[in-house]
Amino acid sequence: MSIAHLFDDILKNYVQERTTNDFPGNNNIQKYFEDLKKEFEALPLVASNSRIKIKWGMGKGNWAKVPWIAFLDERETDSTQHGVYCVYLFREDMSGFYLSLIQGVTDVIEKKGRATAHVDLRKRAEALQDAFGESLTKTGFDLNKNKQIFLEASSKMGSGYEYATIAHKFYETGKIPDDAHLVADLEALLSVYQDYAIQIAGQGLHSLVGAFLESATFMDVGLRVSESLARRFAAALLSKRFLILTGLAGSGKTKLAQAFSRWLAASPDCYRLVAVGADWMGNENVLGYPNGLAKDDYVAKPALQVILHAHDYPDDPHFLILDEMNLSHVERYFADILSAIESNETLFLHHDKERKANGVTIPSELRLPQNLFIIGTVNVDETTYMFSPKVLDRANVIEFRMSEDELGSFLTQSAKTELSSLDAQGCKAGFGKRFVEAANSPVELSINARSEYSAEMLLFFKALQRYDAEFGFRTAYEAGRFAYFYELLGDSDKERTCFLKAFDCIIFQKFLPKLHGSRTKLGPLLKVLWFLCVNDVANRGENPLESAEKTARSTDRKAEPSAEIPDTAPYPMSAGKIARMWRLLRDNGFTSFAEA
């Protein structure tokens, strides 16, 4: 069935049906709209996005003079009476129709009156034109401030659309393009609309870190965490729902995970702290197992309990904290979960039709819920196991260290950590649902950040590739998400400064953790990475890689990583870690991220 033909049928028949038949009557107009809806729902861009709902209207009780078919993103609106949405609007005389990005007019008119509403609608339309105008005009849409939409509308509601329109494209009766053209235009507008919806989903999150730290300070819970660490922690969880915290024992890894989970979770059932045992040899320690002595029973573990609870409350964030995650081989007890995080495939639990654990029905299989965030804490000593690159590649890795000043501050004002007063404070402030929505939404860096991000990612990819340590698509995707959320969660940094801080974290959290080996293997690579981390674009030369390789081949001690990091270094945190790895390599002939 042709989309163009269905539009043509509506244009040819609507006025006659409206003027000669009672509403709704027996007519084909309803069928045309319903068929259009089905055609649009089958389009890949719409079918793949469960948040987009399609509605159409030709009046309520009476024929509408301006019928429509709309595309609503549930993150923004569920009604054409308010919010922003995409819509096909037909001229009253059926001389053509518009594809528009528009605002709902009904609610604002009822609240403020028609005159004030028209002013407000026009102001907001202009603000959105400033924000998205470049993307819209590139694809052939007219901004309403440059060329106004004209619906030939005699009704007040129809004329209200003319104030509310952000951008539009007109199709004249008798000159409707083919389906390919119509679909391309719709997908272009929906793409801009999705960018807008993503921003809406992220609104309010920019104050999350500040609100969390304010709660911790005001409640005097004894938690010691810097703004930069809290920001990295939250951005890492939003970019990927699996986070590893490593570093000095007793430096606050578990306490931060507990504090943030309790602050954001709606109830104690929404988080679990599970101590990993040295005897964990299989996934039954996480997912439980069917009771071999009772055919209807299932032995559920705390981790499974929080997974099931997350399924029942999909809007609330849930947290599974695996303490001392590397006391056993992670791959032995966590392989199924690692695979499910990436593939979204089901986890098998048992063969039976139904089993129960303490009265709760346990399904035979389930998927990891999208509102479950997994945090693992790690200590490195002779009693623990090293993570494989497969595990590290699937997570952000944040290292905890302690400075002399921090220890001095603690010694003068030491206090026991008491987290109960944080319970559900972030949830009550409205951050819980937003956090889940943002973590599961596609994101896109700003135009300026995108070009710089791509250049730096390619540069570091090439540097790592020369030593067989390059990263894949997954790392590139997750790093982009981290950069986006890092910027979103901090409103004080200038864009350039914010990007450098974010990319410094990316190097530290995604590139360096997988590096381990001998001096022969890692020595030259560490010197290359050091060069790129301490020299900005201007000081790297016309060919940064060649300059870095030349430095790596140099026997000059000044070319070696050191504890003295230049003030102008673009990535000082990563440079410091590389210097520590170099010192370990120099002293022992072997180094790794975890041990440095």
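Scope of the values below: all heavy atoms of this structure, side chains included, with no hydrogens, waters or symmetry mates. Start at 1 with the first residue, then count along the sequence.
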Would you say the side-chain atoms of Ser339 pair up with the backbone N or O of Ala335, donor to acceptor, closer than 3.5 Å? no
Testing the basics here: between [X] and [Y], what is the closest heavy-atom pair and its distance to 0.1 Å?
X	Y	answer
Lys253	Leu248	NZ-O, 2.9 Å
Ser251	Met402	CA-CE, 4.4 Å
Tyr467	Glu549	OH-OE1, 2.9 Å

Side chain to side chain, [X] and [Y], heavy atoms closer than 4.5 Å:
X	Y	value
Leu229	Glu399	no
Tyr289	His350	no
Ile337	Leu287	yes
Asp336	Val286	no

If you measure only the distance, is there a donor-acceptor pair under 3.5 Å linking the side chains of Thr591 and Trp582? no
For Ser388, what residues pass the side chain to side chain donor-acceptor pair (under 3.5 Å) criterion, not counting sequence neighbours? Glu331
Do [X] and [Y] have ring centres separated by under 6.0 Å?
X	Y	value
Phe482	Tyr453	no
Phe460	Phe471	no
Phe435	Phe431	no
Phe473	Tyr477	no

Quick check with a 6.0 Å cut-off and a 45 degree axis cone: is Arg231 positioned over the face of Tyr486's six-membered ring? yes
With sequence neighbours left out, write down each residue that passes side chain to side chain contact (heavy atoms under 4.5 Å, CB included) with Ala439, or none if nothing qualifies. Leu238, Phe373
